[in-house]
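Here's the structure, in structure tokens; my notes come after.
A, B, ... follow the sequence lines: proteins, then strands. Residue 1 opens every chain.
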Amino acid sequence: GNSVTQMEGPVTLSEEAFLTINCTYTATGYPSLFWYVQYPGEGLQLLLKATKADDKGSNKGFEATYRKETTSFHLEKGSVQVSDSAVYFCALSPRRGYQKVTFGTGTKLQVIP
Amino acid sequence: ETGVTQSPTHLIKTRGQQVTLRCSSQSGHNTVSWYQQALGQGPQFIFQYYREEENGRGNFPPRFSGLQFPNYSSELNVNALELDDSALYLCASYPNGANTEAFFGQGTRLTVV
């Protein structure tokens, strides 16, 4: 079956530091890939997505590139802010059939001033 | 365009009781999925409804059941509650089709005591 593995947290960074959160996946076919963010006490918000190999998703300074050869979708940001503190989930869904989303376990990011 | 709304936001139930959670999907979305997110974990797929029919189910026992109504709103019912059912329950909606991302509600926090 499909699965997503992401680096364990928590990750603690100083403001303006560079962020990388690693994510690899196992899936049949060519899934769509997503990063979702969850702020404390809230639901999930889509951060960015990519639907085919070599696509780069980007939003709010975050980027991730769909790497089919390494089955990876690492999240990066050049300069984090305190307001980026949240839990980040890597996820995938099949491009055909019903839209079950498979999530990783989440990586908590804490940015300190 | 309204987003996905869930009710109630918080709920406390006693072991053995039954609970019903509600979800109003985003306007124009005919597919609804439910997820269970235990503390510190990623969301786990429970089931999905498309046009009032269940068309996908995760690894959850039959005491987890659901409904979708003609206006595409949905309910999640859990019978014979167990302590391990304590979690954040998330509803997601999307228009049917490939490569469409899920739009999540804020969730219902269920505590079973």
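There is no contact between B:Phe103 and chain A, counting heavy-atom distances below 4.5 Å. The contact between A:Leu44 and chain B is made by backbone and side chain atoms together, counting heavy-atom distances below 4.5 Å. Contact annotation for A:Gln38: only side-chain heavy atoms (C-beta onward) come within less than 4.5 Å of a heavy atom of chain B. Looking at B:Gln44, neither its backbone nor its side chain comes within 4.5 Å of chain A, counting heavy atoms on both sides.
Note on ring orientation: taking the six-membered ring where Trp is involved, the planes of A:Tyr25 and A:Tyr66 are perpendicular (angle over 60°, cut-offs 30° and 60°).
The candidate with the highest count of non-hydrogen atom pairs below 4.5 Å against chain A, out of B:Cys91, B:Gly107, B:Pro43, is B:Pro43.
Checked for salt-bridge contact, A:Lys77 and A:Glu63 miss the test: no charged N lies under 4.0 Å from a carboxylate O.
Between the side chains of B:Thr20 and B:Asn77, at least one donor-acceptor pair of N or O atoms lies under 3.5 Å.
When atom types are taken as modelled, the side chain of A:Trp35 and the backbone of A:Phe73 share a donor-acceptor pair closer than 3.5 angstrom.
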- Task: Starting from the C-alpha separation in whole Å, work towards a yes-or-no answer on ring-ring contact (aromatic ring centres under 6.0 Å, His included) for B:Tyr72 and B:His29.
- Result: CA-CA 7 Å; B:Tyr72 303 134; B:His29 290 185; 9.8 Å; no
